[in-house]
Amino acid sequence: MEVQYMDETALKALVHRITTSSDPDSRENKEDLENILCSFHAYVDAVVCGETDLLFSDPTDGQTYRDQVMKYDQNRHSCHETAIINVRVLNRLAARHGIPPVFTGDDTQRHQVAAFCLELDQYFFVNRRMKLS
């Protein structure tokens, strides 16, 4: 798997730093990091589920189809906006711990954030059950 926008070393270092820290804020940082990482999957999931729904829908069913497309677009957009915010938060969290950015792309480029979300999903899938810390 070719990684373009994810620094695996930085991700591992951040997880390690947060999970082994004696800092009183480490519990909150851990919860934040878990929620951030899950939000990236939520974006990928929104795309896959939305596309699957459209694949099996009937485009000749006029308004019903348009409503389905609109609902999918709104959900995908919302998840994407959350992912964009969270790559910024993720990199600020890394910086706070003296770690290079985990997301190495340009957070103003939506396609780069989307690619990062997919890369992270693929990374977790390929490396499942691997302890990152």
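Owing to the predicted nature of the structure, the values given are computational and were not obtained by experimental measurement.
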State which residues pass ring-ring contact (aromatic ring centres under 6.0 Å, His included) with His97; sequence neighbours excluded, sorted by chain then number. none
Quick one: does Met70's side chain get under 4.5 Å of Gln74's, heavy atoms only? yes
With a 4.5 Å heavy-atom cut-off, do Val89 and Asp32 have their side chains touching? no
Side-chain contact test, heavy atoms from C-beta onward, threshold under 4.5 Å: evaluate it for Ile84 versus Arg110 and give yes or no. yes
Can a side-chain donor-acceptor contact be found between Asp67 and Gln63 if the only test is distance below 3.5 angstrom? yes
Less than 3.5 Å apart, which donor and acceptor atoms pair up between the side chains of residues 45-57 and the rest of the protein, not counting sequence neighbours?
{"from": "Glu51", "atom 1": "OE2", "to": "Tyr72", "atom 2": "OH", "distance (Å)": "2.6"}
{"from": "Thr52", "atom 1": "OG1", "to": "Val48", "atom 2": "O", "distance (Å)": "2.7"}
{"from": "Ser57", "atom 1": "OG", "to": "Leu54", "atom 2": "O", "distance (Å)": "2.8"}

Do you know which two heavy atoms are closest between Leu37 and Phe124, and how far apart they sit? CD1-CZ, 4.1 Å
Are the side chain of Asp7 and the backbone of Phe103 linked by a donor-acceptor contact shorter than 3.5 Å? no
So with a 6.0 Å cut-off around CD of Gln109, is the heavy-atom count from everything else above 12? yes
Phe40: what forms a ring-ring contact (aromatic ring centres under 6.0 Å, His included) with it, not counting sequence neighbours? Phe116
For Lys71, does its backbone N or O pair with a side-chain atom of Asn75 as donor and acceptor, under 3.5 Å? no
With a 4.5 Å heavy-atom cut-off, do Asn29 and Leu33 have their side chains touching? no
Out of Leu90, Val87, Ile85, which residue meets the side-chain contact (heavy atoms from CB on, under 4.5 Å) rule with Asp107? Val87
